Amino acid sequence: MKVRKAVIPAAGLGTRVLPATKSMPKEMLTIVDKPAIEYIVEEAVRSGITDILIITNRGKGVIEDHFDRSPELEDRLLASGKKDVYDQVVSISKLANIFFIRQKETKGLGHAVSCARSFVGDEPFAVLYGDDVIIGDDPACGQLIRAYEKYGKAVVGIKEVSREAISKYSSLKVAPLEGNMYSCTDMVEKPKTDEEVLSLFSVLGRCVLTPDIFDILDRTAPGAGGEIQLTDAMKTLARSVGMTGVDFTGKRYDMGDKLGILQATVEIALKDAVLGEPFRNYLKEISKTL
């Protein structure tokens with residue numbers, strides 16, 4: 001079955017980037033001139049996704065507003081002769097069929113995904129973490145969808161992290177398949193000891209899941225941090241029928257991290273058709289003072 005639905009969990013509190021996120025969802029923090037979540041939605045659309053569910057919570061209505069029409073603003077832009085900006089603003093509302101649901105309690109990523117059950121139905125679906133912006137010529141979500149179509153199993157987007165950092169992420173038991181694809185048969189969320197580290201490959205930002213994940217989530221007890229962890233549910237899936245891991249191409253930026261936000265802003269600005277050259281010249285000048 002073709003993957004045409006995606007879920008974007010965006011209910012986190014963004015505590016790592018306070019105080020900016022006290023009144024502004026971290027998903028709406030901008031990279032150059034677009035909020036982070038718009039990059040994520042665009043990636044899903046480029047991957048063939050037509051229906052997107054964004055999971056929010058209290059105080060994040062601005063995300064819904066961003067993907068809605070704004071008649072007053074649009075009229076003002078047209079009256080001012082700014083047709084190019086008007087077209088850009090209107091296009092945001094036409095990216096895909098975008099739906100919203102609130103996670104009433106912040107009980108973890110696994111709980112957030114379980115809120116998508118009625119939206120997903122009996123179809124496979126992609127999950128694009130709201131913290132992670134991945135920029136590349138070949139959309140990461142699309143790479144995972146192709147792996148699902150080839151192997152018929154749920155897929156996780158994976159990257160190697162340092163041994164020092166693995167305790168902050170998950171650790172996967174993997175074996176090579178071909179190219180950048182691996183079979184995944186076990187995983188541990190936030191390994192506490194070296195003995196728990198299965199490899200330095202970790203799930204980072206993307207996965208394609210089958211609908212049986214919902215029954216597994218229903219049976220999954222709270223894990224790390226007292227929350228229902230999606231990794232724990234995927235571990236059950238990996239151990240029972242196996243999953244596919246894709247070491248995706250593209251640069252990942254952690255938008256829940258202050259340094260990650262700065263890196264994304266600088267690197268994406270340098271590629272901007274209008275801002276790239278003057279910004280590069282600015283960086284060259286300021287680097288002389290470092």
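Start at 1 with the first residue, then count along the sequence. Remember, predicted model here, so these are calculated numbers, not experimental data.
In this structure the side chain of Met187 reaches within 4.5 angstrom of the side chain of Lys235, judged on heavy atoms. Side-chain contact between Leu53 and Phe100 is absent, with no heavy atoms from C-beta onward closer than 4.5 Å. Side-chain contact between Val113 and Leu217: present, with at least one pair of heavy atoms (C-beta onward) separated by less than 4.5 Å. Within the 4.5 Å cutoff, side-chain heavy atoms of Glu38 are placed close to those of Glu42. Inter-residue side-chain proximity for Ile98 and Glu64 is flagged as unmet; no heavy-atom pair is nearer than 4.5 Å. Lys190 is not listed as a side-chain neighbour of Glu196, based on a closest heavy-atom distance of 4.5 Å or more. Side-chain contact between Ser183 and Thr244: absent, with no pair of heavy atoms (C-beta onward) separated by less than 4.5 Å. Contact annotation: the side chain of Lys26 never approaches that of Ile261 to less than 4.5 Å [non-hydrogen atoms, C-beta and beyond].
Atoms CG and CG, from Leu109 and Asp232 in turn, are 10.5 Å apart once rounded to the nearest 0.5 Å. Of the inter-residue distances, the one linking Glu160 atom CD with Asp247 atom CG reads 7.0 Å to the nearest 0.5 angstrom. Note that NZ of Lys159 is 13.5 Å distant from CG of Leu172, once rounded to the nearest 0.5 Å. To the nearest 0.5 Å, atom CG of residue Leu275 and atom CG of residue Leu270 are 10.0 Å apart. Atom CD1 of Ile92 and atom CG of Asp87 lie 11.5 Å apart (nearest 0.5 Å). Separating the NZ atom in Lys94 from the CZ atom in Phe67 is a distance of 15.5 Å, to the nearest 0.5 Å.
By the criterion of side-chain heavy atoms lying less than 4.5 angstrom apart, applied directly or through intervening Ile, Leu, Val, Met, Phe, Trp or Tyr residues, Ile55 is not grouped with Met28; the two fall into different hydrophobic clusters. Placement of Ile63 and Leu95 within a single hydrophobic cluster is found when ILVMFWY residues are connected by side-chain heavy-atom separations under 4.5 Å, directly or transitively. Under the 4.5 Å side-chain heavy-atom criterion for Ile, Leu, Val, Met, Phe, Trp and Tyr, Val127 and Phe214 are members of the same hydrophobic cluster. Cluster annotation: Ile101 and Val120 are assigned to the same hydrophobic cluster (Ile/Leu/Val/Met/Phe/Trp/Tyr, side-chain heavy-atom contacts under 4.5 Å, transitive). Placement of Leu209 and Ile216 within a single hydrophobic cluster is found when ILVMFWY residues are connected by side-chain heavy-atom separations under 4.5 Å, directly or transitively.
When every heavy atom of Ala126 is checked against every heavy atom of Val3, the shortest pair comes out as N-CG1, 4.0 Å. Closest non-hydrogen pair, Ile37 versus Ala10, comes out as CD1-CB, 4.3 Å. Taking both residues in full, the closest heavy atoms of Ala96 and Ile52 are given as CB-CD1, 3.9 Å, listed atom of the first, atom of the second, then distance. When every heavy atom of Cys141 is checked against every heavy atom of Glu43, the shortest pair comes out as N-OE2, 2.8 Å. Residues Ile145 and Ser47 share a closest heavy-atom pair of CD1-O, 3.7 Å. Between Ile40 and Gly130, the closest heavy-atom pair is CD1-O, 3.6 Å.
Applying the salt bridge (charged side-chain N to carboxylate O under 4.0 Å, His left out) test to Arg252 and every residue at least two apart in sequence or in another chain returns Asp132. In terms of the ring-ring contact (aromatic ring centres under 6.0 Å, His included) criterion, residue partners of Tyr182 (sequence neighbours excluded) are, by chain and number, Phe201. With sequence neighbours left out, the ring-ring contact (aromatic ring centres under 6.0 Å, His included) criterion links Phe99 to Phe119. With sequence neighbours left out, the ring-ring contact (aromatic ring centres under 6.0 Å, His included) criterion links Tyr129 to no other residue.
The main-chain N or O of Val241 is found under 3.5 Å from a side-chain atom of Lys153 such that the two form a donor-acceptor pair. Between the side chain of Thr265 and the main chain of Ile31, no donor-acceptor pair closer than 3.5 Å is present. Of the possible donor and acceptor atoms, none in the side chain of Arg206 sits under 3.5 Å from a partner among the backbone N and O of Gly157. Side-chain atoms of Ser162 come within 3.5 Å of backbone atoms of Ala165 as a donor-acceptor pair (strictly under, hydrogens ignored). Looking at Lys258, its side chain does come within 3.5 Å of a backbone N or O of Leu18 through a donor-acceptor pair. The backbone N or O of Gly136 lies less than 3.5 Å from no partner atom in the side chain of Lys251, so there is not a single donor-acceptor pair. Between the side chain of Glu227 and the backbone N or O of Pro222 there is no donor-acceptor pair closer than 3.5 Å. A donor-acceptor pair under 3.5 Å is formed between the side chain of Arg46 and the backbone N or O of Asp137. For the pair Ser171 (side chain) and Leu198 (backbone), a donor-acceptor distance under 3.5 Å is present.
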Give the intermediate values and the outcome of side chain to side chain contact (heavy atoms under 4.5 Å, CB included) for residues Leu204 and Val156.
-> CA-CA 8 Å; Leu204 288 183; Val156 282; over 6 Å; no
Is there a side chain to side chain contact (heavy atoms under 4.5 Å, CB included) between Asn57 and Lys104 once you walk through the steps?
-> CA-CA 6 Å; Asn57 61 10; Lys104 302 298 191 298; over 6 Å; no
Where do Lys173 and Arg239 land on the side chain to side chain contact (heavy atoms under 4.5 Å, CB included) test, with the steps shown first?
-> CA-CA 10 Å; Lys173 183 177 182 181; Arg239 287 178 172 179; over 6 Å; no
Would Ile268 and Asp272 satisfy side chain to side chain contact (heavy atoms under 4.5 Å, CB included), going step by step from the backbone distance to the final call?
-> CA-CA 6 Å; Ile268 293 174; Asp272 188 271; over 6 Å; no
Show your reasoning for whether salt bridge (Lys or Arg N to Asp or Glu O under 4.0 Å) applies to Asp138 and Arg146.
-> CA-CA 11 Å; Asp138 185 7; Arg146 293 197 298 270; 2.6 Å; yes
Check the pair Asp51, Lys5 against salt bridge (Lys or Arg N to Asp or Glu O under 4.0 Å), reporting the backbone distance first and the verdict last.
-> CA-CA 5 Å; Asp51 298 336; Lys5 293 182 178 179; 5.4 Å; no
Going through the checks in order, is the salt bridge (Lys or Arg N to Asp or Glu O under 4.0 Å) test met by Arg280 and Glu285?
-> CA-CA 9 Å; Arg280 182 174 291 102; Glu285 287 301 315; over 6 Å; no
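Side-chain polar atoms of Ser202 and Ser170 form a donor-acceptor pair below 3.5 angstrom. The closest side-chain donor-acceptor pair between Tyr253 and Glu267 falls under 3.5 angstrom. Looking at Gln229 and Thr220, their side chains never bring a donor and an acceptor atom within 3.5 Å of each other.
Few gaps surround CD on Glu123; more than 12 heavy atoms of other groups in view lie less than 6.0 Å from it. More than 12 heavy atoms of other shown residues, nucleotides or ligands fall within 6.0 angstrom of atom CG in Asn281.
Outside the 6.0 Å centre-distance limit, the rings of Tyr148 and Phe125 are not counted as a close aromatic pair.
Grouped with Val90 in one hydrophobic cluster are Leu73, Leu77, Leu78, Val85, Tyr86, Val89, the linkage being side-chain heavy-atom contacts under 4.5 Å among Ile, Leu, Val, Met, Phe, Trp and Tyr residues.
Among residues at least two apart or in separate chains, side-chain hydrogen bond (donor to acceptor under 3.5 Å, both in side chains) pairs with a member in residues 109-121 are Gln103-His111, Arg117-Asp215, Arg117-Asp218.
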